[in-house]
Amino acid sequence: MQYSPKLKNAMSEIKAILEKHDIAGLIVLHTEGGLSEYLMKIDPGYSVAKFKDQETIRFKAKLQEDFQGNRRLMEHKLANTAGMLKHLSEVGGNLVLGLMEVSDQFDKIVAAEHGSISHISQRDLDN
């Protein structure tokens, strides 16, 4: 398993910042040698989105169970979650699509060849 301790440390600091400021984020880090770290954080306090596991997102929005019957709070968090998901997906998507085009053009100019791109999850590293 290849990974970069430098990237792991940097991502740990970024996670702490997101937690400290109670914000969501999409982050991709890269270092020499083709190693990357990435994070999608969608569970700040204003969101009803939670990761059930690394592939499944759950929305905790039951009026009685999650909001003790407070409909106004539930609607507020639902609106914030919808806005967060819209912003992260649209801005992130636009950034990635633009970068993909630049990457493809650069590959053609320099005749770049890439090996397979793989990733290691934090869960794999922890086990």
Side-chain angles (χ1 to χ4, degrees):
M1 253 187 277
Q2 282 193 317
Y3 70 96
S4 166
K6 175 171 64 173
L7 291 181
K8 287 281 175 209
N9 290 336
M11 189 61 80
S12 178
E13 290 179 33
I14 291 168
K15 286 178 184 177
I17 291 168
L18 296 176
E19 286 294 326
K20 176 182 176 183
H21 297 284
D22 193 31
I23 54 179
L26 290 174
I27 296 97
V28 179
L29 305 175
H30 185 269
T31 193
E32 186 176 20
L35 300 173
S36 295
E37 266 304 301
Y38 57 92
L39 172 68
M40 177 170 58
K41 180 166 178 14
I42 58 168
D43 63 348
Y46 58 85
S47 172
V48 299
K50 308 291 177 213
F51 277 101
K52 179 180 178 186
D53 53 48
Q54 289 188 340
E55 299 170 2
T56 308
I57 297 172
R58 302 289 302 223
F59 297 95
K60 295 189 60 83
K62 293 182 179 174
L63 181 60
Q64 294 305 321
E65 184 178 324
D66 301 314
F67 297 97
Q68 294 74 46
N70 186 337
R71 181 169 300 281
R72 188 175 213 174
L73 178 60
M74 182 181 79
E75 290 172 354
H76 180 74
K77 280 197 169 190
L78 289 171
N80 280 325
T81 303
M84 173 198 68
L85 293 171
K86 189 65 148 177
H87 284 236
L88 291 178
S89 62
E90 285 189 2
V91 173
N94 286 330
L95 290 171
V96 168
L97 289 174
L99 190 57
M100 288 172 71
E101 186 175 323
V102 170
S103 175
D104 290 344
Q105 290 174 5
F106 189 77
D107 285 352
K108 287 177 186 173
I109 292 168
V110 301
E113 294 183 21
H114 304 282
S116 64
I117 297 173
S118 63
H119 72 278
I120 298 168
S121 71
Q122 185 62 48
R123 182 178 59 197
D124 291 338
L125 287 173
D126 291 342
N127 290 329

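- In terms of heavy-atom proximity, K52 sits nearest to R58 at CB-CG, 3.5 Å.
- With a 6.0 Å radius and a threshold of 12 heavy atoms from other residues, nucleotides or ligands, H30 has its NE2 atom above the threshold.
- At a threshold of 4.5 Å between side-chain heavy atoms, the hydrophobic network of Ile, Leu, Val, Met, Phe, Trp and Tyr places Y38 and L95 in two separate groups.
- Open room surrounds CD on E32; 12 or fewer heavy atoms of other groups in view lie less than 6.0 Å from it.
- K62 NZ to M74 CE: the interatomic distance, rounded to the nearest 0.5 Å, is 12.5 Å.
- Under the 4.5 Å side-chain heavy-atom criterion for grouping Ile, Leu, Val, Met, Phe, Trp and Tyr, V96 is not connected to I42 through any hydrophobic cluster.
- If you chain together hydrophobic residues whose side chains sit under 4.5 Å apart, F51 and F59 fall into the same group.
- In this structure, the side chains of R71 and L63 come closer than 4.5 Å at one or more pairs of heavy atoms.
- Atoms CD and CZ, from E101 and F106 in turn, are 15.0 Å apart once rounded to the nearest 0.5 Å.
- Taking 4.5 Å as the limit, some side-chain heavy atom of E37 sits within range of a side-chain heavy atom of K8.
- No donor-acceptor distance shorter than 3.5 angstrom exists from the side chain of D22 to the backbone of P44, with no hydrogens or angles considered.
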Please tabulate, for the side chains in residues 81-88, all donor-acceptor contacts under 3.5 angstrom to protein atoms that are two or more places apart in sequence or on a different chain.
| unit_1 | atom_1 | unit_2 | atom_2 | d |
| --- | --- | --- | --- | --- |
| T81 | OG1 | V48 | N | 2.8 |
| T81 | OG1 | K77 | O | 2.7 |
| K86 | NZ | E90 | OE2 | 3.2 |

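- T31 is linked by a side-chain hydrogen bond (donor to acceptor under 3.5 Å, both in side chains) to K6, counting only residues two or more places apart in sequence or in another chain.
- In this structure, Q105 and K108 have side chains that are not in contact, with every pair of non-hydrogen atoms separated by 4.5 Å or more.
- Applying the side chain to side chain contact (heavy atoms under 4.5 Å, CB included) rule to I27 yields the partners M11, I14, L18, L29, L39; only residues at least two apart in sequence or on another chain are considered.
- For D53 and T56, the side-chain atoms include at least one donor-acceptor pair closer than 3.5 Å.
- In this structure, L73 and N70 approach most closely via the heavy-atom pair N-OD1, 2.9 Å.
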